[in-house]
Amino acid sequence: MKQVLVLYASTHGHTAKIASRIADVLERAGTPADVRRVDAKSDPVPADYAAVVVGASIHAGHHQREIVDWARRHATSLATVPSAFVSVSLSAADDTDEARATARKYVDDFVEETGWTPTRTASFAGALQYLEYDFFTRLLIKMMMRRGNHPTDAGQDYDYTDWDEVVRFARRVAELLPAAAPVS
Ligand SMILES: Cc1cc2nc3c(=O)[nH]c(=O)nc-3n(C[C@H](O)[C@H](O)[C@H](O)COP(=O)(O)O)c2cc1C
């Protein structure tokens, strides 16, 4: 049985957690998942898989360059399998029209940059990971958060992801697979 590729880029580890949760749901649906962080050493080929899920997070307005390059390089092969793209950002955590439009634009930009139109897309709220940041990143993010009236207590992390939404999305991805099993 072919696997589903779950390929992700994650600067501070949160998108890695989301990728792992999606893979868990797929595995429970009876589809083995190959969860991989994108890197220069391996270059998985989409057509070798039953489906492909790609996840990336936003930093300074952009998804990680390595995953954009991978998707662009494999756009033709990606078009031959069911696929999904997940964008993780703090914009997706804000309940305003402007923030929603920004989160949507991150996905649109990815599609435009790569030439790949995924079967399903999602924007998930990410996390503020003060405990993971180096000194300068913590300072920068605290300044940004203070301006937006968001939490600035750097002694803890703040997880804004709706994990039920992640599970629902993963189930919708499982439905794309031939002979999809109902997922509990
Ligand atoms: C330095 C830095 C810059 C960021 N820039 C943006 C941004 O421009 N827009 C946004 O919506 N979120 C931004 N974020 C929030 C991240 O997308 C969010 O923290 C996400 O959960 C990170 O996921 P990762 O741990 O997988 O990299 C930024 C976070 C950091 C640390």
Side-chain angles (χ1 to χ4, degrees), residues 4-26 33-42 44 52-71 83-114 116 118 120-170 173:
V4 174
L5 173 65
V6 181
L7 187 72
Y8 67 89
S10 183
T11 307
H12 298 289
H14 196 72
T15 308
K17 287 186 199 161
I18 290 176
S20 164
R21 190 61 166 269
I22 290 171
D24 282 350
V25 173
L26 293 170
D34 182 13
V35 189
R36 292 202 199 185
R37 179 188 282 270
V38 70
D39 65 34
K41 280 175 256 131
S42 69
V52 175
V53 181
V54 170
S57 54
I58 291 289
H59 292 266
H62 299 279
H63 295 103
Q64 288 88 350
R65 175 52 42 198
E66 316 88 280
I67 205 129
V68 172
D69 288 347
W70 178 87
S83 62
F85 174 64
V86 166
S87 173
V88 179
S89 68
L90 282 181
S91 299
D94 272 355
D95 193 18
T96 64
D97 286 346
E98 191 188 347
R100 272 189 288 275
T102 301
R104 244 190 331 271
K105 188 172 179 327
Y106 291 146
V107 174
D108 292 347
D109 287 351
F110 185 88
V111 169
E112 196 181 314
E113 274 184 279
T114 60
W116 164 44
R120 302 241 193 282
T121 60
S123 291
F124 291 134
L128 263 178
Q129 296 145 281
Y130 284 118
L131 303 178
E132 311 294 325
Y133 301 152
D134 61 30
F135 178 78
F136 290 106
T137 306
R138 195 175 307 128
L139 213 62
L140 173 76
I141 294 294
K142 271 182 85 165
M143 265 169 49
M144 285 167 57
M145 291 303 121
R146 192 167 293 124
R147 254 185 255 139
N149 251 347
H150 293 300
T152 53
D153 172 6
Q156 64 174 100
D157 290 344
Y158 300 85
D159 183 345
Y160 296 106
T161 305
D162 179 341
W163 290 98
D164 290 339
E165 192 190 348
V166 173
V167 169
R168 280 194 298 275
F169 180 78
V173 172

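Start at 1 and go down the list; that is how both ligands and their atoms are numbered.
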the protein heavy atom lying closest to atom 9 (N) of ligand 1 turns out to be Tyr106 OH, 3.1 Å
For atom 5 (N) of ligand 1, which protein heavy atom lies nearest, and how many Å away is it? Ala60 N, 2.9 Å
Which ligand 1 atoms does Thr15 reach within 4.0 Å, using its non-hydrogen atoms? 23 (O), 24 (P), 26 (O)
Is the side chain of Asp109 donor-acceptor paired with the backbone N or O of Glu112 at a distance under 3.5 Å, no angle test? no
Give me the residue, atom name and distance of the protein heavy atom closest to atom 21 (O) of ligand 1. Ala127 N, 2.9 Å
Min N/O separation Ala16 to ligand 1 under 3.5 Å: no
Sub-4.0 Å atoms of ligand 1 with respect to non-hydrogen atoms of His12: 24 (P), 25 (O), 27 (O), 31 (C)
Indicate yes or no for a side-chain donor-acceptor contact from Asp94 to the backbone of Thr96 under 3.5 Å, with no hydrogens or angles considered. no
Ligand 1 and Met144, any nitrogen or oxygen pair closer than 3.5 angstrom? no
Could you tell me if any non-hydrogen atom of Tyr160 lies under 4.0 Å from any atom of ligand 1? no
What protein heavy atom is closest to atom 29 (C) of ligand 1, reported as residue, atom name and distance in Å? His59 ND1, 3.7 Å
What protein heavy atom lies closest to atom 15 (C) of ligand 1? Include the residue and the distance to one decimal. Leu90 CG, 3.5 Å
Would you say His59 has more than 12 foreign heavy atoms packed within less than 6.0 Å of its NE2? yes
Test side chain to side chain contact (heavy atoms under 4.5 Å, CB included) on Val38 and Gln64 and set out the steps. CA-CA 10 Å; Val38 70; Gln64 288 88 350; 6.0 Å; no
Is Asp97 salt-bridged to Arg100, going by a charged N under 4.0 Å from an acidic O? yes
Which label fits Phe85 and Phe110: parallel for a plane angle under 30°, tilted from 30 to 60°, or perpendicular past 60°? parallel
Using a plain distance cutoff, I'd like to know if Ile141 has any nitrogen or oxygen under 3.5 Å from a nitrogen or oxygen of ligand 1. no
Heavy atom under 4.0 Å from ligand 1: found in Ala103's side chain, backbone, both, or neither? neither
Any salt bridge between Asp108 and Arg104, counting N to O under 4.0 Å? no
Numbered in order shown, the ligand 1 atoms found under 4.0 Å of a heavy atom of Thr11 are 24 (P), 26 (O), 27 (O)
Does the N or O separation between Leu128 and ligand 1 drop below 3.5 Å for any pair? no
Quick check: does His14 get an N/O under 3.5 Å from an N/O on ligand 1? yes
Which residue and atom name correspond to the protein heavy atom nearest atom 11 (O) of ligand 1, and how close is it? Ser91 OG, 2.7 Å
Looking only at N/O atoms, are Ala9 and ligand 1 under 3.5 Å apart anywhere? no
Does the pair Glu132/Arg138 count as a salt bridge with the N-to-O cut at 4.0 Å? no
With respect to Gly126, determine whether any N or O atom, backbone or side chain, lies less than 3.5 Å from an N or O atom of ligand 1. no
Would you call the rings of Tyr130 and Tyr133 parallel, tilted or perpendicular, where under 30° means parallel and over 60° means perpendicular? perpendicular
Of all the non-hydrogen atoms in the protein, which one sits nearest to atom 17 (O) of ligand 1, and at what distance? Ile58 O, 2.6 Å
Output the list of atoms in ligand 1 that are nearer than 4.0 Å to some heavy atom of Gly61, sorted by atom number. 7 (C), 8 (O)
A student checking ligand 1 against Gln129 at a 4.0 Å heavy-atom cut-off should list atoms 19 (O), 21 (O), 22 (C), 25 (O)
Please report the closest heavy-atom contact between Ile58 and Ser87, naming both atoms and the distance. CG1-OG, 4.1 Å
Just do the ring pair (Phe, Tyr, Trp, His ring centres under 6.0 Å) check on Phe124 and Tyr160 with the steps written out, would you? CA-CA 9 Å; Phe124 291 134; Tyr160 296 106; over 10 Å; no
Answer yes if the side chains of Thr161 and His14 hold a donor-acceptor pair under 3.5 Å, and no otherwise. yes
Just jot down the ligand 1 atoms closer than 4.0 angstrom to any heavy atom of Val88, in number order. 17 (O), 21 (O)
Part of Glu132 within contact of ligand 1 (heavy atoms, under 4.0 Å): neither
Identify the closest protein heavy atom to atom 23 (O) of ligand 1: which residue and atom is it, and at what distance? Ser57 CB, 3.3 Å
Nearest 0.5 Å, please: how far is CD in Gln129 from CG in Asp157? 6.0 Å
How far apart are the closest heavy atoms of Val107 and Ala122, and which atoms are they? CG2-O, 4.4 Å
